[in-house]
There are 2 protein chains.
Amino acid sequence: MEKQAITIYDVASEAKVSMATVSRVVNGNPNVKAATRRRVLDVIDRLDYRPNAVARGLASKKTTTVGVIIPDVTNMFYSSLARGIDDVASMYKYNIILANSDENNQKEVQVVNTLLAKQVDGLIYMGRSISDELRSEFSRSKTPVVLAGSVDPDEQLASVNIDYVAAVKGATKQLLDAGNKKVALVTGPLTEPLSGKYRLRGYKQALDEAGIAYDESLVFETEYSYQAGLAVFKQIQKTGATAALVSDDEMAVGVLNAALDAGVQVPDDFQIISSNNTKLTQMTRPQLTSLDQPLYDIGAVAMRLLTKLMNKEGIDEITVRLGFDITQRNTTK
Amino acid sequence: MEKQAITIYDVASEAKVSMATVSRVVNGNPNVKAATRRRVLDVIDRLDYRPNAVARGLASKKTTTVGVIIPDVTNMFYSSLARGIDDVASMYKYNIILANSDENNQKEVQVVNTLLAKQVDGLIYMGRSISDELRSEFSRSKTPVVLAGSVDPDEQLASVNIDYVAAVKGATKQLLDAGNKKVALVTGPLTEPLSGKYRLRGYKQALDEAGIAYDESLVFETEYSYQAGLAVFKQIQKTGATAALVSDDEMAVGVLNAALDAGVQVPDDFQIISSNNTKLTQMTRPQLTSLDQPLYDIGAVAMRLLTKLMNKEGIDEITVRLGFDITQRNTTK
DNA sequence: CTGTTAGCGCCTTCAT
DNA sequence: ATGAAGGCGCTAACAG
């Protein structure tokens with residue numbers, strides 16, 4: 001593949017300077033006389049010279065690309081984060097290598113390895129839990145890592161997210177305050193810290209404060225998918241719950257549609273609060289009330305944080321928590 | 001960034017062979033005695049050696065990464081394509097550099113340039129139209145390019161898509177056959193070949209065959225967004241149209257919701273056929289009837305085609321057209 | 001089957 | 001302000 005015949009040498013000889021000088025102007029090194037700089041620049045675009053980033057990467061040990069592990073681009077929650085990441089990345093002249101992991105530990109480890117082999121300058125990880133193996137890959141490499149939209153229970157890894165306990169607590173409280181005695185919590189496997197540790201804790205706290213006993217049968221562990229949401233509704237219904245806090249938008253749309261399809265009036269007979277406030281929440285009828293996590297911002301801030309880490313700048317806080325809100329729509333009243 | 005101290009030399013000396021031999025075993029070259037191979041392999045994982053892909057790329061002139069230009073990852077149409085691309089890419093050991101373009105010509109050119117500077121082995125372009133400048137960037141680089149989910153009017157560039165004329169014609173015909181006299185076509189700017197050339201042609205052909213005169217006022221050019229769909233409905237209503245063929249799912253959800261919000265019965269008083277059959281179409285109530293383009297497959301096949309191109313294998317057809325269908329749901333009857 | 005030797009294209013001291 | 005020279009880590013002939 002002889003993509004680009006012309007190299008820094010061609011430019012140098014054409015401009016009658018040494019390649020060092022060409023390198024300098026290309027890299028904006030001030031130690032070049034204005035006249036020669038102009039001459040070089042001139043040759044550069046006359047020859048349509050384009051620095052070879054691979055060679056540059058080898059010599060400088062920087063690739064200006066970061067690896068991004070994403071469970072599934074097709075999921076709006078993650079693609080929103082990804083968009084924030086990419087925008088900030090390009091703002092700082094970085095590119096993103098995007099790799100889908102399907103939350104599969106093996107794939108993740110495998111992907112992280114090829115990413116490190118490609119000498120990415122940093123890594124952003126999205127996903128609900130980090131396997132020990134993955135964590136050890138992270139720690140033995142000196143490449144900075146930041147988690148976007150998820151938490152590290154040990155707070156060892158940098159991460160940006162929201163206060164999940166408080167968020168879930170707030171949403172649960174709203175549902176409780178609205179008079180619902182039985183509020184279902186629909187979430188992922190409790191073995192994941194996010195669901196099992198944070199969300200569940202927030203849920204229990206709200207229950208506690210309302211003086212309502214925790215009822216295990218009101219907690220539903222499922223897959224984060226539309227189908228799963230659709231399927232879980234009838235089980236929720238059996239418990240007599242009159243409201244549900246659902247941890248994912250697609251899932252929530254599933255729950256909502258199942259309710260509607262079953263002839264249940266929403267929000268009159270059943271209330272729903274979703275969790276991600278993606279575009280989806282506005283597309284349903286009735287529109288979904290939802291926790292509002294600033295997804296784009298989480299991605300953006302995560303990337304920004306990563307740039308600092310890559311730059312070895314001092315970071316005061318390794319974990320940044322962004323604010324959240326609850327956007328009231330029509331599945332609550 | 002001294003990420004990986006150990007190099008092929010370390011492995012070589014530790015295993016008491018030359019670096020060439022190490023290189024051979026790493027690259028699966030058969031010319032290595034089984035015994036030495038085992039010994040080298042042993043040292044490799046004892047030292048936790050990981051080949052530096054950048055150096056490899058410089059020496060071999062192959063980076064095993066391809067650039068992917070996407071308008072917006074957050075759009076399900078494109079993220080579905082992207083998912084297909086990534087899956088096949090990883091199947092062939094390639095990684096993807098994903099760059100959002102917002103369909104902005106300037107950004108596109110800029111991004112393609114940095115991608116080429118990074119020596120990607122190939123490029124996949126998604127987007128509705130290719131500016132002349134971009135096309136010229138493509139042609140003067142020897143890097144193979146394939147368009148995913150869009151057409152090249154000149155058929156110069158490799159591409160994979162569906163027969164848009166036939167698809168739109170078929171959908172329009174269905175609406176016409178159902179008794180609708182006035183069928184609206186909601187699409188993007190007619191200046192884009194996809195809308196102006198292909199979709200419009202299909203639409204007209206169906207009209208023709210049905211013996212109905214083409215009425216320009218039934219064609220709506222808008223942005224491909226939920227909001228735009230929401231907004232365009234009342235204009236459609238003014239024309240007295242009783243059905244619409246909408247070129248994007250988010251847009252279609254907008255049209256549907258606007259109709260619903262206006263108290264219009266769907267499909268009794270107004271029918272809708274959407275175009276991409278993404279998950280979204282199943283999430284609305286009523287569910288959207290939609291053209292079914294095999295988005296994931298388009299992405300997958302595009303990537304597969306690109307591997308062939310990168311491999312300099314002979315290609316018989318530079319443009320591959322996949323089959324399509326119309327998935328009947330509840331916005332038609 | 002294995003080792004030697006050139007590069008790949010660029011960055012980066014170190015001189016001048 | 002500019003040039004010379006030595007890598008960066010690996011692949012790829014070319015010998016043996």
Side-chain angles (χ1 to χ4, degrees), chain A residues 1-41 43-44 47-65 114 116-121 142, chain B residues 1-41 43-44 47-65 114 116-121 142:
Chain A
M1 289 208 171
E2 2 59 273
K3 354 199 84 155
Q4 182 82 28
I6 65 153
T7 76
I8 201 172
Y9 282 102
D10 304 317
V11 176
S13 73
E14 182 74 10
K16 309 204 179 310
V17 293
S18 75
M19 50 160 302
T21 300
V22 177
S23 176
R24 289 194 183 91
V25 345
V26 166
N27 293 297
N29 182 318
N31 288 55
V32 180
K33 205 194 306 177
T36 45
R37 156 170 285 121
R38 285 204 349 88
R39 186 151 39 90
V40 172
L41 249 18
V43 174
I44 282 181
L47 262 46
D48 197 29
Y49 166 69
R50 179 191 291 139
N52 179 324
V54 174
R56 223 206 275 239
L58 183 58
S60 70
K61 297 186 168 307
K62 286 175 189 238
T63 54
T64 62
T65 108
T114 93
L116 291 176
K118 293 206 171 174
Q119 313 300 117
V120 294
D121 296 335
K142 285 169 183 158
Chain B
M1 291 207 171
E2 1 59 274
K3 354 198 86 155
Q4 181 82 28
I6 65 156
T7 75
I8 201 172
Y9 282 104
D10 303 318
V11 177
S13 72
E14 182 74 11
K16 310 206 179 307
V17 295
S18 75
M19 50 162 302
T21 300
V22 177
S23 175
R24 288 194 184 91
V25 346
V26 167
N27 293 297
N29 183 317
N31 290 55
V32 180
K33 203 195 306 175
T36 46
R37 154 168 288 116
R38 283 201 354 85
R39 185 152 41 89
V40 171
L41 247 20
V43 174
I44 283 181
L47 264 46
D48 196 30
Y49 166 69
R50 179 189 292 138
N52 180 324
V54 173
R56 218 201 273 236
L58 182 58
S60 69
K61 295 182 169 311
K62 285 173 187 240
T63 54
T64 62
T65 109
T114 93
L116 291 175
K118 293 207 172 174
Q119 312 301 118
V120 294
D121 295 336
K142 283 168 184 160

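Chain A is the first sequence line, chain B the second, and so forth, proteins listed ahead of strands; every chain is numbered from 1. Any value given below was found using the heavy atoms of this structure, including those in side chains, with hydrogens, waters and symmetry copies removed.
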K.L.:
Who pairs with D10(A) by side chain to side chain donor-acceptor pair (under 3.5 Å), at least two apart in sequence or on another chain?
P.N.:
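For D10(A) there are no side chain to side chain donor-acceptor pair (under 3.5 Å) partners, ignoring immediate neighbours.
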K.L.:
Would you say T65(B) and D121(B) make side-chain contact, with heavy atoms under 4.5 Å?
P.N.:
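The answer is no; the side chains never approach within 4.5 Å.
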K.L.:
Base contacts versus sugar-phosphate-only contacts with protein, heavy atoms under 4.0 Å: please encode nucleotides 11-16 of chain D as B, S and - from 5' to 3'.
P.N.:
BBB---
K.L.:
According to side-chain contact (heavy atoms from CB on, under 4.5 Å), who are the partners of S60(B), at least two apart in sequence or on a separate chain?
P.N.:
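side-chain contact (heavy atoms from CB on, under 4.5 Å) list for S60(B), sorted by chain: K62(B).
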K.L.:
Please work out which residues in residues 30-39 of chain B have a non-hydrogen atom less than 4.0 Å from an atom of DNA chain C and list them by number.
P.N.:
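Heavy-atom cutoff 4.0 Å gives N31(B), V32(B), K33(B), T36(B).
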K.L.:
Does T21(A) make a side-chain N or O approach to OP1 or OP2 of dG3(D) shorter than 4.0 Å?
P.N.:
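Checking T21(A) against dG3(D): at least one side-chain N or O falls below 4.0 Å of OP1 or OP2.
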K.L.:
The criterion is side-chain contact (heavy atoms from CB on, under 4.5 Å); which residues satisfy it with A15(A), sequence neighbours excluded?
P.N.:
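So A15(A) forms a side-chain contact (heavy atoms from CB on, under 4.5 Å) with V17(A), V40(A), V43(A).
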K.L.:
Please enumerate all residues that pass side-chain contact (heavy atoms from CB on, under 4.5 Å) together with S13(B), with sequence neighbours excluded.
P.N.:
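Result, side-chain contact (heavy atoms from CB on, under 4.5 Å) vs S13(B): none returned.
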K.L.:
Would you kindly give the CG-to-P distance between N52(B) and dC8(C), to the nearest whole Å?
P.N.:
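Taking CG of N52(B) and P of dC8(C), I get 18 Å after rounding.
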K.L.:
Got a sec, which residues hit side-chain contact (heavy atoms from CB on, under 4.5 Å) with A55(B), two or more places apart in sequence or on another chain?
P.N.:
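Listed in chain order: L58(A), N52(B).
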K.L.:
Filter on salt bridge (charged side-chain N to carboxylate O under 4.0 Å, His left out), then keep only pairs touching residues 14-39 of chain A, sequence neighbours left out; what's left?
P.N.:
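Sorted result for residues 14-39 of chain A: E14(A)-R46(A).
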K.L.:
Taking the axis from the first five pairs and the axis from the last five, what angle separates them in the helix from dC1(C)-dG16(D) to dT16(C)-dA1(D), rounded to 10 degrees?
P.N.:
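The value is 30°.
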K.L.:
Please identify each residue that fulfils side chain to side chain donor-acceptor pair (under 3.5 Å) with T36(B), with sequence neighbours left out.
P.N.:
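Partners of T36(B) by the side chain to side chain donor-acceptor pair (under 3.5 Å) criterion come out as none, since no residue qualifies.
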